[in-house]
Amino acid sequence: MAGQTLYDKLWSQHLVKERDDGTALIYIDRQLLHEVTSPQAFEGLRLAGRKPWRLDANLATPDHNVPTTLLERAEGNTGIKDPVSLIQVQTLDDNCEAFGIEEFRINDARQGIVHVVGPEQGATLPGMTVVCGDSHTATHGAFAALAHGIGTSEVEHVLATQCLLAQKMKNMQVRVEGTLGAGVTAKDIVLAIIGRIGTAGGTGYAIEFAGSAIRELSMEGRMTVCNMAIEAGARVGLIGVDDTTIDYLWDRPYAPRGEQWDAAVADWRELVSDGDAEFDKVVTLDAAEIEPQVSWGTSPEMVANISGEVPDPDAVDDETVKHSYTRALSYMGLAPKQKITDIRLDKIFIGSCTNSRIEDLREAAKVAKGKKVADSIKLAMVVPGSGLVKRQAEAEGLDKIFLDAGFEWREPGCSMCLAMNADKLGAGEHCASTSNRNFEGRQGYGGRTHLVSPAMAAAAAIAGHFVDVRRLDAETAGAAQPQEA
Amino acid sequence: MQKFDRHQGLVAPLDRANVDTDLIIPKQFLKSIKRTGFGVNLFDELRYLDEGYPGQDVSQRPVNPDFVLNQPRYRDASVLLARRNFGCGSSREHAPWALADYGFRVVIAPSFADIFYNNSFKNGILLITLDEATVDRLFKAVEANEGYRLDVDLEQQRITTPEGEILEFGIDAFRKHCLLNGLDDIGLTLQDDAAIREFEQKHRQARPWLFRDTLHVEPQGEAS
């Protein structure tokens, strides 16, 4: 008999009951809550006279609606100028208080984007099932946790029963072998994967990311990769446990200590796919061939190499794809065969649950150090993923590097990734964004999003247009010769 | 949940692949703490020519005459015909809330995104997956024939076209059962209360560190 995949192991460790029709009841170890997708779930509990099954499994923080300027944040919730947003954040506070759920409120140093906060606190552990009313819950799979986004009805279901009705997914392995070139990051890996398999390529699958290039990534990089599994259609992204995982978790507030730590580590070491495990689908990429990626369209699969160009819809055979490309180019205001490096930017956003961790900020700061944001850029902002990331970045002097270069240094939250707060694009504005979705209107009505890595976003801020981060110095010095990084 | 057994309704064609949930209901409308009232903002950016905001009087807004749902012939549509990967992106249940609130009971497409698929069935919407060629044929038929209606029978798992053609579709038994009876998942799961408790106890014994109230806290030693 073939061995088990990591996903198989996690599934069987949480299987409460399997019905004859193939539907299963799986036990949920951790639920993360935020203000947007929880109010109707709490209301449902109240209407039915139900209570949460297990309080200590839940952790809440407001993130989507919170303002990100220091001035507004100094006032706490009352700094939220949009009355509808304010009600939503207050409703989360009220619900957590009424039901007894732990919450990091707006001005708690531990507040931040749920998918940054969970791992940072050690509230995400290997071997857990983790859910949240947010599709980017896939992020937590970087810790070999079975983690995925759910809808609000399911949030209520988990609150009330500690379980989820689920059907087993298929197994896909995406192997990235070899060594990444200098200046190429986890974000480029995952954008290249989505470009390869498509935005529905992972539908129905749990994707395990493997191979030497994945093993070489830090936990921050692995979270970036798993975070965007959903943009390839897969609710679950996973990476097996190794020393990098275990070292990251040591001494985190919610992680086990003492004898329990040793027992936990022994258990976690098993959380890898068996050598003879069989996957329903395997995709392999050569890390050395991955270039810095830039999305040109309105779906995360519409990506190109920085050295490449916008595609020509007329060169596409599939009618549906041709149609999508034509519409995307029209929305994005781009011409067929336009060079990616000729796309000029209006705004720069460095942040989101994909790329707002300390390592992301370090990468961007390294590029921005000693340089200036181009005059043509209307706004370049850096939004740390949590209060603790912000504090760490300030301790390392990164805030100063950004401020000196002309970036704004903001307070933590989801911010312009989905523009539920005041941070948004104007119609027609092009943005180099380290977020995860380039859908129409995502970052603001009529806004045009280009997904890139933090280093590429910083480089675009300096140049005013997309530029290969590996050649930024040569470009900005006006030199004709490309320079090796 | 509203029961679903059989539905006859006018079909509207949304000829676009990868319709994401941001497009179905833009983020500014997610600020509501209710489950209802999203229908007027369904496909907001396609449907209106201006930027919408919550609580606005939509009757005063400029309507996009080119958008399919604004065409008089599709005004009372309750069956949406869509392209591949419908409902991708964000997990927002506001998307099926908006579709249901507008009046859609059925969506037919070659494929759906996973989270949206789950969310829709929790809200009494039947999602039907048909192969790409059949969907393509339906698009042509709908566009060619004004007043094109489909008769969807969940019990029999069949769609009957105006031409009398029968299209069979698959659906898993549990979802079908819940939809037919309008069942509340939570009530069903709580019938397994004893099994959950038993599992929980074993799980806690095997992996106590997953339960914060049993976390063993003591001074830190060296990292292992």
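Just so we're on the same page: letters track the sequence lines, and every chain starts at 1.
- Looking at A:S153, both its backbone and its side chain come within 4.5 Å of chain B, counting heavy atoms on both sides.
- With hydrogens and angles ignored, the 3.5 Å screen pairs no side-chain donor or acceptor of A:R442 with any backbone N or O of B:D22.
- Rounded to the nearest 0.5 angstrom, A:Q443 CD and B:K27 NZ are separated by 8.5 Å.
- Using a 4.5 Å cut-off between heavy atoms, A:H157 touches chain B through backbone and side chain atoms alike.
- Relative ring orientation between B:F199 and A:Y27 is described as tilted, the plane-to-plane angle lying within the 30° to 60° band.
- Residue B:I33 forms a side chain to side chain contact (heavy atoms under 4.5 Å, CB included) with just one option from A:N95, A:T91, A:V36, A:L92, and that option is A:T91.
- The minimum heavy-atom distance between A:W268 and B:W209, with the atom names listed, is NE1-NE1, 3.5 Å.
- The two residues B:R84 and A:D318 come nearest to each other via the heavy atoms NH2-OD2, 3.3 Å.
- Checking B:E200 against A:W53 by side-chain atom types alone, a donor-acceptor pair falls below 3.5 Å.
- In this structure, A:G127 and B:L210 approach most closely via the heavy-atom pair O-CD1, 4.4 Å.
- Between the side chains of A:T37 and B:E93, not a single donor N or O lies within less than 3.5 Å of an accepting N or O.
- Residues B:I186 and A:A160 come closest through the heavy atom pair CG2-CB, 3.8 Å.
- Only the side chain of A:E301 comes within less than 4.5 Å of a heavy atom in chain B; its backbone stays farther off.
- At least one donor-acceptor pair closer than 3.5 Å links the side chain of A:Y445 to the backbone N or O of B:D50.
- The line from CG of B:L30 to CG of A:L418 is 7.5 Å long, rounded to the nearest 0.5 Å.
- Heavy atoms only, all atoms of each residue included: A:M420 and B:K31 are closest at O-NZ, 2.8 Å.
- Between the side chains of A:D29 and B:H203, at least one donor N or O sits under 3.5 Å from an acceptor N or O.
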B:R207 vs A:Q260, side-chain hydrogen bond (donor to acceptor under 3.5 Å, both in side chains): CA-CA, chis, key distance, verdict: CA-CA 9 Å; B:R207 299 182 173 85; A:Q260 264 188 14; over 6 Å; no
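- Between A:D56 and B:R204 there is no salt bridge, since none of the side-chain N atoms of the basic residue sits less than 4.0 Å from a carboxylate O of the acidic one.
- No donor-acceptor distance shorter than 3.5 angstrom exists from the side chain of A:K17 to the backbone of B:A195, with no hydrogens or angles considered.
- Nearest heavy-atom pair across A:G204 and B:D114 is N-OD2, 2.8 Å.
- Neither the backbone nor the side chain of A:A427 comes within less than 4.5 Å of any heavy atom of chain B.
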